[in-house]
Participant: 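This is the structure I want to talk about, given as structure tokens.
The residues of the chain are indexed from 1 along the displayed sequence.
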Amino acid sequence: ETFEEDRTLAHLPQKFDALRRVPAYKEFITERFKRCLDLYLVPRALKQRMNVDPESLLPKLPSPKDLRPFPTHISVAYEGHSGMVRAVAVEATGRYLATASSDETLKIWEVATGRPVRSFKFSSPVTAVAWNPQHLLLSVAAEESVLFLDPGLQLPSQAKKPTKDGEDAAEDEEVDEPEVLVGSLLEFQAASAKPSADPDDAAEEEAKDGAKARAVRWKAVDASSELHKHGCRLSIATDGDVQHLVWHHKGNYCAAVSPKARAPSNQCIIHAINQQKSMRPFAKLKGGQVQSCAFHPSKPHFLVATMRSVRIYDLQRQSQLKQLISGAKWISSITIHPSGDHVVAGSYDRRIVWWDLDFASKPYKTLQYHDRAVRCAAFHPGKFPLLASCSDDATVSIMHAKVFSDLMQSPMIVPVKRLRDHMINQGFGVLAVAWHPHQPW
């Protein structure tokens, strides 16, 4: 009564008295053949393949030849340390280079010739060094102290000239002024310290005070000590090894970072050399140990890098302005562009993180050009749009990093050179990098 295709069963049910009497299905071969025919004659779906050149998907970058100048090979090698060089610093005029090493020495070199000018021996490894941007003096981290050192150097422009008339005499006075300031800056101000009549009482008082109080106490270096002969005039005891020193561009404030300080407030201390006072801006910082810090080049802002983020503070209002989320596991260093609008951090998980401060707190770019931990990243402090990063893979990456004044135009970041002239020593590669203040190297 019903059509064949509408039936639920294609056969009439039959009853058998035993399973062994049930015959084989007579339509089995026919149905299997029809099924194979359906699979054979099924219409295929046509997939349209796109013939795209893979190189056309990459951004069109300018040729490195068009982005010169940038460093390409070794020009001068400063050889003389027997241990790892932990830190390098270039003097503000670009004439002298200071290197701190784990062989317990601090050496000062002439940049142009590679000639060693001064060598200072300490009783412990020198972990950090920084030149004052305004005066010829150094801040050095050694012997569990931050030492302010007068290297006894003189720039050629500061040499005395024979006076011919009153104008030349006035010019000589102006030229000689920085040299006088260095001596006066490093004179110990007894008023800034608590006077004690008996030296034994002073020793007892120092023993009672913990490391937290000692880290902000200024002392004059004993005139009979070896440090005084080297030129060290002022010292501040530290709570743990200082790994990073940085000066404010006006030359009065020096920030010291001790990641392994016992007291959390001693991880970052700002020392004022004119007043000979020290400030602990942070009682306790969230986000782990302080790894690095930097002063803003034009505003009264202070950048502090913890393990996973960078915090920006307003020093006048004493408040936090912004927190930059890195996405990295462990930040190693921080540098700020001379314009003050861009911040770059290197991390131990091989990344270079770039933030644009005019936008969100998340990274603008995350670059990965190294095979191992990035130890240091640094913008060129002058007019050249260059960024350098060094790593434990014994290479230095040079990037053309141009920031445009037009806010609608994104920064142009182009890797231009990979310097591979260094060697891996005890698992460490290149530990520090610094630019010449006026030259593209």
Participant: Quick check: are there more than 12 heavy atoms from other residues, nucleotides or ligands sitting under 6.0 Å from NZ of K121?
Facilitator: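 Buried by this count: over 12 neighbours within 6.0 Å.
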Participant: Within a strict 4.5 Å, meaning less than it, do heavy atoms of the F379 and I336 side chains meet?
Facilitator: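 The answer is no; the side chains never approach within 4.5 Å.
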Participant: Please determine whether a side-chain nitrogen of the Lys or Arg among R375 and D392 lies less than 4.0 Å from a carboxylate oxygen of the Asp or Glu.
Facilitator: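 Looking at R375 and D392, the cut-off is met.
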Participant: Parallel, tilted or perpendicular, judged at 30° and 60°: which one describes the rings of W441 and H436?
Facilitator: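 The rings of W441 and H436 sit tilted, inter-plane angle from 30° to 60°.
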Participant: Rounded to the nearest 0.5 Å, what's the gap from CZ on F302 to CG on L315? Could you check?
Facilitator: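 These two atoms lie 7.0 Å from each other.
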Participant: Do the ring planes of W218 and F148 sit parallel (below 30°), tilted (30 to 60°) or perpendicular (above 60°)?
Facilitator: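 Rings of W218 and F148: parallel, as their planes differ by under 30°.
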Participant: Does either side chain, that of K219 or that of S235, offer a donor lying less than 3.5 Å from an acceptor on the other one?
Facilitator: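 No pair is found: no donor N or O on one side chain lies under 3.5 Å from an acceptor on the other.
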Participant: Taking atom types as modelled, find out whether Q291 and W330 have a side-chain donor-acceptor pair closer than 3.5 angstrom.
Facilitator: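 There is such a pair (donor and acceptor under 3.5 Å, judged by atom type) between the side chains of Q291 and W330.
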Participant: Please test E187 against R233 for salt bridge (charged side-chain N to carboxylate O under 4.0 Å, His left out), starting from the C-alpha separation and ending with a verdict.
Facilitator: CA-CA 7 Å; E187 284 182 6; R233 298 293 181 264; over 6 Å; no
Participant: To the nearest 0.5 Å, what is the distance between CD1 on I273 and CD on Q134?
Facilitator: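 Those atoms lie 12.5 Å apart.
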Participant: About how many Å separate OG of S75 and CD of Q439, when rounded to the nearest 0.5 Å?
Facilitator: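 It is 10.5 Å, given to the nearest 0.5 Å.
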Participant: Look only at the side chain of Y78 and the backbone of V111, and say whether a donor-acceptor pair between them is shorter than 3.5 Å.
Facilitator: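 Yes.
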Participant: Provide the closest heavy-atom pair for S332 versus V374 in the form atom of the first, atom of the second, distance.
Facilitator: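 Closest heavy-atom pair between S332 and V374: OG-O, 2.7 Å.
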Participant: State, with a plain yes or no, whether a side-chain heavy atom of R68 is found less than 4.5 Å away from one of P440.
Facilitator: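 Not in contact.
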Participant: Do you know which two heavy atoms are closest between A401 and L387, and how far apart they sit?
Facilitator: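 So the two residues come closest at CB-CB, 4.0 Å.
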Participant: Rounded to the nearest 0.5 Å, what separation is found between the CD1 atom of I331 and the CG atom of D349?
Facilitator: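 Answer rounded to 0.5 Å: 9.0 Å.
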Participant: Filter on salt bridge (charged side-chain N to carboxylate O under 4.0 Å, His left out), then keep only pairs touching residues 132-151, sequence neighbours left out; what's left?
Facilitator: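 Of all non-adjacent pairs touching residues 132-151, none passes salt bridge (charged side-chain N to carboxylate O under 4.0 Å, His left out).
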Participant: Compare all side-chain heavy atoms of F120 with those of V126 and state whether any distance is below 4.5 angstrom.
Facilitator: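 Not in contact.
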Participant: Checking T127 against Q243 for the side-chain hydrogen bond (donor to acceptor under 3.5 Å, both in side chains) test, could you report, in this order, the C-alpha distance in whole Å, the side-chain angles of both residues, the deciding distance, and whether it holds?
Facilitator: CA-CA 6 Å; T127 55; Q243 301 294 333; 5.4 Å; no
Participant: Could you check whether any side-chain heavy atom of M412 comes within less than 4.5 Å of a side-chain heavy atom of P62, counting everything from C-beta outward?
Facilitator: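 They are in contact (side-chain heavy atoms under 4.5 Å apart), so the answer is yes.
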Participant: Kindly compute the distance separating CG (L138) from CG (L149), expressed to the nearest 0.5 Å.
Facilitator: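 It comes to 6.0 Å.
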Participant: Compare every heavy atom of T238 with every heavy atom of G240, then report the nearest pair and how far apart it is.
Facilitator: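 What the structure gives for the nearest pair is O-OG1, 3.1 Å.
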Participant: Test W354 against T366 for side chain to side chain contact (heavy atoms under 4.5 Å, CB included), laying out the working first.
Facilitator: CA-CA 6 Å; W354 181 305; T366 300; over 6 Å; no
Participant: Which heavy atom in V396 sits nearest to a heavy atom in C390, and how many Å separate them?
Facilitator: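 Result for this residue pair: CG2-CB, 4.1 Å.
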Participant: Regarding T99 and W109, is there a side-chain donor-to-acceptor distance under 3.5 Å anywhere?
Facilitator: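 Present: a donor and an acceptor within the cut-off.
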Participant: Does NZ in K402 sit with more than 12 non-hydrogen atoms of other residues, nucleotides or ligands closer than 6.0 Å?
Facilitator: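 Not buried by this count: 12 neighbours or fewer within 6.0 Å.
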Participant: Do T105 and H81 come within less than 4.5 Å of each other through their side chains, counting heavy atoms only?
Facilitator: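 T105 reaches H81 side chain to side chain.
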Participant: Got a list of side-chain donor-acceptor pairs under 3.5 Å for residues 414-423, not counting sequence neighbours?
Facilitator:
unit_1	atom_1	unit_2	atom_2	d
R418	NE	T395	OG1	3.2
R418	NE	S397	OG	3.4
R418	NH1	Y369	O	3.3
R418	NH2	Y369	O	2.9
R418	NH2	D393	OD2	3.2
R418	NH2	T395	OG1	3.4

Participant: Closest heavy-atom contact between D103 and S82?
Facilitator: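 Minimum heavy-atom separation between D103 and S82: OD2-N, 2.8 Å.
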Participant: Is there a side chain to side chain contact (heavy atoms under 4.5 Å, CB included) between N266 and S258 once you walk through the steps?
Facilitator: CA-CA 7 Å; N266 286 344; S258 305; over 6 Å; no
Participant: Taking it one step at a time, do D241 and K260 satisfy salt bridge (charged side-chain N to carboxylate O under 4.0 Å, His left out)?
Facilitator: CA-CA 7 Å; D241 287 338; K260 297 180 181 178; over 6 Å; no
Participant: Would you say the ring centroid of Y313 lies under 6.0 angstrom from that of F282?
Facilitator: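 Centroid distance Y313-F282: below 6.0 Å, so yes.
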Participant: Look at the side chain of R118 and the backbone N and O of G152, then say whether any donor-acceptor pair between them is shorter than 3.5 Å.
Facilitator: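 A pair under 3.5 Å: yes.
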Participant: Verify the neighbour count for atom CG of D406: are there more than 12 heavy atoms of other residues, nucleotides or ligands below 6.0 Å?
Facilitator: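 Yes, CG of D406 has more than 12 neighbouring heavy atoms, counting only those of other groups under 6.0 Å.
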Participant: Can you tell if the side chain of S347 reaches within under 4.5 Å of the side chain of K329, non-hydrogen atoms only?
Facilitator: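 Contact flag for S347/K329 side chains = no.
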Participant: Check W131 against A89 and note the closest heavy-atom contact, atom names and distance.
Facilitator: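 What the structure gives for the nearest pair is NE1-O, 3.2 Å.
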Participant: Are side-chain N/O atoms of W355 and H342 paired as donor and acceptor at under 3.5 Å?
Facilitator: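 No, no side-chain donor-acceptor contact under 3.5 Å.
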Participant: Less than 4.5 Å apart, side chain to side chain, heavy atoms only: is that true for H271 and I236?
Facilitator: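 Counting from C-beta outward, H271 and I236 do come under 4.5 Å.
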Participant: Is a donor from one side chain sitting under 3.5 angstrom from an acceptor on the other, for T306 and R308?
Facilitator: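 Checked: T306/R308 side chains show no N/O donor-acceptor pair below 3.5 Å.
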Participant: Is there a side-chain contact between V344 and I334 (heavy atoms, below 4.5 Å)?
Facilitator: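 Side chain of V344 against side chain of I334, heavy atoms only: no contact under 4.5 Å found.
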Participant: Go through the steps to decide whether R262 and D239 satisfy the test salt bridge (charged side-chain N to carboxylate O under 4.0 Å, His left out), and finish with yes or no.
Facilitator: CA-CA 7 Å; R262 290 184 289 275; D239 182 10; 3.5 Å; yes
Participant: Would you please indicate if the ring centroids of F295 and Y253 are separated by under 6.0 Å?
Facilitator: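 That pair fails the under 6.0 Å test.
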Participant: If you apply the rule side-chain hydrogen bond (donor to acceptor under 3.5 Å, both in side chains), what do you find for S278 with R280, and how did you get there?
Facilitator: CA-CA 7 Å; S278 300; R280 286 182 289 232; over 6 Å; no
Participant: Can you pull the salt bridge (charged side-chain N to carboxylate O under 4.0 Å, His left out) pairs that have at least one residue in residues 77-86, sequence neighbours excluded?
Facilitator: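 Non-adjacent pairs meeting salt bridge (charged side-chain N to carboxylate O under 4.0 Å, His left out): zero.
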